[in-house]
Visitor: 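Sharing a structure here in structure tokens format.
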Amino acid sequence: MPDAHLPRGFADRDAVDVAATETMLAKIRSIYELYGFDVLETPFIEFTEALGKFLPDQDRPNEGVFSFKDDDEQWLSLRYDLTAPLARHVAEHYDKLPKPYRSMRAGWVFRNEKPGPGRFRQFMQCDADIVGAGSIAADAEVAMLMADTLEAVGIARGDYLIKVNNRKVLDGMMEAIGLGGDAEAARRLTVLRAIDKLDKFPADEIRKLLGAGRKDESGDFTKGAGLDAEAIERVIAFTGWGDGAPQGTLNSAASLENFRKAVGTSQRGQDGIAELETMQSLFTAAGYDESRILIDPSVVRGLEYYTGPVFEAELTFAVKGDDGRPVRFGSVAGGGRYDGLVSRFRGETVPATGFSIGVSRLLSALRLLGKIEHDKTPAPVVVLVMDRDQIAHYQKLVTILRQNGLRAELYLGDAGMKAQMKYADRRHARCVVIQGSDERERGEVLIKDLVLGATLSSAPDREAYLKAQAEAQFAVSEALMVDAVRKVLARG
RNA sequence: GCAGCUGUAGCUCAGUUGGUUAGAGCGCUAGAUUGUGGAUCUAGAGGUCCCCCGUUCAAGCCGGGGCAGCUGUACCA
């Protein structure tokens with residue numbers, strides 16, 4: 001017999017999950033629409049080559065991407081984000097699209113990686129991108145859209161922070177410490193990864209990662225970048241998180257000042273700083289202060305394709321999980337400028353900037369905040385079956401309820417009345433409709449309010465008990481059944 | 001991937017220096033109530049003790065090797 005369970009990293013979603021996701025996506029979409037973005041839907045499957053995850057030398061797709069061969073031996077893959085399919089779409093329909101093109105997409109993406117808490121192999125993203133605009137104003141708008149979107153789904157101002165950095169600044173800083181040029185590419189990656197961990201480890205652990213290496217608490221060793229002491233301190237000074245400066249205390253102006261010192265004469269670095277200054281002035285003009293959008297050196301993002309400004313949205317409120325320990329959310333959204341992505345399909349460079357919300361992760365954050373609205377689908381009214389030979393009549397009662405817009409169902413199992421009551425209870429039904437032979441002869445039905453009924457045993461005295469019982473279960477003529485059920489449902 | 005920890009009923013777990021038929025709580029099913037869910041009482045169902053090999057008269061327990069899960073770390077478009 002097969003074992004009835006899912007592969008790890010995948011999850012079923014019940015009615016509550018689905019309703020909550022739909023509600024949240026609707027809010028996100030309405031903000032994106034407000035900013036002028038058009039919906040685009042692309043398939044789950046693309047040519048592996050188009051996703052850019054093909055390993056040409058080994059003639060197979062990258063690990064981490066779910067892939068399979070088509071009939072004609074071409075490799076296909078499940079999409080791992082919504083950006084690569086957008087690049088393909090833009091390149092394929094370039095002449096038809098308005099430029100700049102504002103696109104939004106929401107949907108499932110797949111990554112064949114080790115799952116963990118809050119990390120799945122199938123998860124939902126919701127993206128907004130501006131393709132064909134090289135202006136830094138586009139980047140600023142995307143950052144502001146991130147802030148507006150988080151507020152729209154119920155994250156209060158002050159409970160989130162959009163952090164902004166620029167890859168050119170990071171590149172310039174590394175040029176300044178002698179890590180320029182192709183020969184140092186590997187060490188640059190290691191340094192970037194170390195900086196990316198600033199929100200995870202204290203400065204001293206980062207120093208180890210920049211230097212010889214670091215051991216984790218299980219004793220596993222991670223090799224470092226091998227920088228000398230002076231270079232390490234220059235990187236730490238760049239972040240502004242050296243001794244005595246606890247992380248997260250810097251303002252944008254202080255970070256920019258650190259950046260200026262760190263990039264020195266690097267032209268690329270200075271360009272990046274100028275871009276950040278421009279964005280800063282746009283944020284200020286639009287009324288987005290540093291409590292919402294902050295320039296922050298620790299934002300690095302993915303290593304492959306970002307070319308300019310990069311953003312990350314972090315939730316800053318403290319929440320305790322089931323085990324009482326504080327829960328870290330990490331980033332719930334991220335993005336940046338990727339000027340090279342579309343040019344893979346076309347000779348010319350097409351500038352683009354955008355961001356992606358991790359829908360599933362944001363949803364679990366909202367759940368912990370208590371911001372998930374309850375499922376609005378009402379529990380059904382259950383019509384019990386007392387006499388099997390009367391099923392047709394019970395079915396008629398159900399139909400009448402449905403025709404009046406009441407969610408109702410006939411008990412279709414074959415158990416006795418007790419089990420039927422249990423069933424109704426488990427369905428969270430507010431009330432049941434009962435008709436035995438006595439009631440049928442009189443043309444009546446019994447309406448039983450399960451919520452009131454449950455309180456009967458705790459009535460203080462006999463009088464109260466009788467009164468409650470009369471309210472909880474009463475007979476009405478069939479003609480008045482719908483009204484009576486409505487009254488019970490209205491009891492709330 | 002690497003490292004550490006953990007695998008016993010549907011769930012949470014107990015299980016003596018290795019000793020007969022492996023337990024508890026919760027949950028589940030049914031009865032106590034000729035037609036009434038939650039509470040109480042009673043009964044019942046439910047186990048490849050993760051798998052394989054070894055040590056032993058005897059293994060849930062000891063040894064070796066797998067596999068799976070959790071945590072950390074690495075990677076993360």
Side-chain angles (χ1 to χ4, degrees), chain A residues 1 3-5 7-9 46 48 50-55 61-66 77-87 109-117 119-121 123 125 127 189-190 192-194 196-197 200-201 205 208-209 213-224 300-306 323 325 330-331 334-336 338 340-341 344 356 358 382 384-387 411 415-440 446-458 469 472-473 475:
Chain A
M1 259 200 304
D3 220 20
H5 67 84
R8 61 189 179 136
E46 300 262 356
T48 307
L51 295 178
K53 286 294 151 184
F54 203 70
L55 303 171
N62 207 329
E63 304 175 46
V65 183
F66 289 103
S77 293
L78 287 172
R79 63 189 182 191
Y80 56 82
D81 69 11
L82 299 176
T83 310
L86 172 68
V109 301
F110 304 84
R111 295 185 188 182
N112 194 5
E113 293 171 341
K114 177 187 162 183
R119 275 181 75 147
F120 295 88
R121 287 153 88 188
F123 57 99
Q125 289 193 328
D127 283 32
L189 277 184
T190 310
L192 284 179
R193 284 170 187 150
D196 197 30
K197 289 179 179 56
K200 199 170 179 182
F201 300 134
E205 298 299 316
K208 290 180 194 165
L209 285 170
R214 164 179 189 275
K215 248 185 211 175
D216 73 25
E217 60 191 58
S218 69
D220 193 31
F221 185 73
T222 306
K223 197 171 183 303
V300 175
R301 300 296 301 161
L303 304 168
E304 232 162 291
Y305 60 58
Y306 289 114
D323 53 3
R325 290 194 305 182
S331 70
Y338 50 99
L341 209 57
R344 292 197 306 111
S356 177
V382 177
L384 305 194
V385 174
M386 306 304 292
D387 302 301
Y411 176 78
M417 180 170 190
K418 197 165 170 158
Q420 296 191 38
M421 288 298 296
K422 231 171 187 171
Y423 171 80
D425 197 39
R426 189 165 286 189
R427 295 286 286 140
H428 300 115
R430 173 71 205 222
C431 63
V432 294
V433 173
I434 305 167
Q435 187 183 60
S437 51
D438 296 351
E439 289 82 15
R440 187 164 49 252
L446 280 179
I447 312 287
K448 174 155 185 171
D449 180 333
L450 294 188
V451 174
L452 273 186
T455 65
L456 284 184
S457 55
S458 62
Q469 196 194 34
Q473 181 170 319

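The sequence lines fix the lettering, A, B, ..., with proteins before strands; numbering per chain opens at 1. The analysis underlying the following values was restricted to heavy atoms, covering all of them including side chains, and did not include hydrogens, waters or symmetry mates.
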Visitor: What residues, two or more places apart in sequence or in another chain, satisfy salt bridge (Lys or Arg N to Asp or Glu O under 4.0 Å) together with R344(A)?
Guide: none
Visitor: Could you work out the separation of rC13(B) and rC49(B) based on their C1' atoms and round it to a whole Å?
Guide: 13 Å
Visitor: rU73(B) pairs with which nucleotide, Watson-Crick or G-U wobble, both distances below 3.5 Å?
Guide: rG1(B)
Visitor: Output the rounded distance in Å from OH (Y305(A)) to P (rA77(B)).
Guide: 7 Å
Visitor: Run Y80(A) and F110(A) through ring pair (Phe, Tyr, Trp, His ring centres under 6.0 Å) and show every step you take.
Guide: CA-CA 5 Å; Y80(A) 56 82; F110(A) 304 84; over 10 Å; no
Visitor: Can you name the residues that form a ring pair (Phe, Tyr, Trp, His ring centres under 6.0 Å) with Y338(A), not counting sequence neighbours?
Guide: Y305(A)
Visitor: Nearest 0.5 Å please: distance from the CG atom of L86(A) over to the CG atom of D81(A).
Guide: 9.5 Å
Visitor: Does rC41(B) have a Watson-Crick or wobble partner in any strand here, with both distances under 3.5 angstrom, and which is it?
Guide: rG31(B)
Visitor: Could you state the atom-to-atom distance from CZ of F110(A) to P of rA77(B) in whole Å?
Guide: 19 Å
Visitor: Would you state whether a donor and an acceptor, one from the side chain of E113(A) and one from the base of rA74(B), lie under 3.5 Å apart?
Guide: no
Visitor: Taking the C1' atom in each of rU34(B) and rA39(B), what is the distance between them to the nearest angstrom?
Guide: 23 Å
Visitor: Between rG37(B) atom C1' and L452(A) atom CG, what is the distance in whole Å?
Guide: 14 Å
Visitor: Tell me whether Y80(A) is stacked on the nucleobase of rA77(B), counting only the six-membered base ring and applying the 5.5 Å and 30° thresholds.
Guide: yes
Visitor: When the C1' atoms of rG27(B) and rG44(B) are considered, how many whole Å apart are they?
Guide: 14 Å
Visitor: Each nucleotide N or O in nucleotides 26-36 of chain B that has a protein N or O under 3.5 Å away: list the pair and distance.
Guide:
residue, atom, partner, partner atom, Å
rC28(B), OP1, R426(A), NH2, 2.9
rG35(B), O6, D438(A), OD2, 3.1
rG35(B), N1, E439(A), OE1, 3.0
rG35(B), N1, E439(A), OE2, 3.2
rG35(B), N2, E439(A), OE2, 3.3
rU36(B), O2, K448(A), NZ, 2.8
rU36(B), O2, Q473(A), OE1, 3.4
rU36(B), N3, Q473(A), OE1, 3.0
rU36(B), N3, Q473(A), NE2, 3.1
rU36(B), O4, Q473(A), NE2, 2.6

Visitor: Tell me: CZ of R119(A) to C1' of rA77(B), nearest whole Å?
Guide: 12 Å
Visitor: Quick one: look up who rG18(B) pairs with, Watson-Crick or G-U, both distances under 3.5 Å, and put none if it's unpaired.
Guide: none
Visitor: Between D425(A) and L450(A), which heavy-atom pair has the shortest distance, and what is it?
Guide: N-CD1, 4.1 Å
Visitor: Partner lookup for rA9(B), please. Criteria are Watson-Crick or G-U wobble with both distances under 3.5 angstrom; report none if nothing qualifies.
Guide: none
Visitor: Distance check, P atoms only: rG4(B) and rU40(B), in whole angstrom units.
Guide: 47 Å
Visitor: What's V65(A) touching, base or sugar-phosphate or nothing? Going by heavy atoms closer than 4.0 Å.
Guide: base
Visitor: Does R214(A) qualify as a cation-pi partner of F201(A), given the criterion of NZ or CZ under 6.0 Å from the six-membered ring centre and within 45 degrees of its axis?
Guide: yes
Visitor: In whole Å, I'd like the distance from the NE2 atom of H428(A) to the C1' atom of rG38(B).
Guide: 12 Å
Visitor: Remember a base hit wins even if backbone is also touched, and classify K197(A) as base, sugar-phosphate or nothing at under 4.0 Å, heavy atoms.
Guide: sugar-phosphate
Visitor: Going by heavy atoms in the side chains, are T48(A) and E46(A) under 4.5 Å from each other?
Guide: no
Visitor: Return the pairing partner of rG54(B) with a 3.5 Å limit on both distances, Watson-Crick or G-U wobble; otherwise return none.
Guide: rC62(B)
Visitor: Under 4.0 angstrom, heavy atoms only, what part of the nucleic acid is G52(A) near: base, sugar-phosphate, or nothing?
Guide: nothing
Visitor: For nucleotides rC51(B) and rG7(B), find the distance between their P atoms and express it as a whole number of Å.
Guide: 14 Å
Visitor: Could you tell me how far apart R301(A) (CZ) and rC75(B) (C1') are, to the nearest whole angstrom?
Guide: 14 Å
Visitor: Expressed in angstrom and rounded to an integer, what is the separation of D425(A) atom CG from rA39(B) atom C1'?
Guide: 12 Å
Visitor: Just how far, in rounded Å, is C1' of rA74(B) from CZ of F201(A)?
Guide: 10 Å
Visitor: Among all residues two or more places apart in sequence or in another chain, which pass the salt bridge (Lys or Arg N to Asp or Glu O under 4.0 Å) test with E113(A)?
Guide: R119(A)
Visitor: Quantified in whole Å, what is the P atom distance between nucleotide rG63(B) and nucleotide rC26(B)?
Guide: 35 Å
Visitor: Please produce a list of atom pairs where a protein N or O lies less than 3.5 Å from an N or O of nucleotides 1-5 of chain B.
Guide:
residue, atom, partner, partner atom, Å
rC2(B), O2', D220(A), OD1, 2.8
rC2(B), O2, D220(A), OD2, 2.7
rA3(B), O2', S218(A), O, 2.6
rA3(B), N3, S218(A), OG, 3.3

Visitor: Identify, with sequence neighbours excluded, every residue that meets salt bridge (Lys or Arg N to Asp or Glu O under 4.0 Å) alongside D438(A).
Guide: none
Visitor: Just verifying a value: how many Å separate R8(A) CZ and R121(A) CZ, rounded to the nearest 0.5 Å?
Guide: 6.5 Å
Visitor: I want to check one thing: is the phosphate of rC75(B), taken as OP1 and OP2, less than 4.0 Å away from some side-chain N or O of R193(A)?
Guide: yes
Visitor: Strictly below 4.0 Å, N to O, side chains only: are D387(A) and R440(A) in salt-bridge contact?
Guide: yes
Visitor: Expressed in whole Å, how much space separates the C1' atoms belonging to rG25(B) and rA14(B)?
Guide: 10 Å
Visitor: Please state the P separation for the pair rG19(B) and rG65(B) - nearest whole angstrom.
Guide: 25 Å
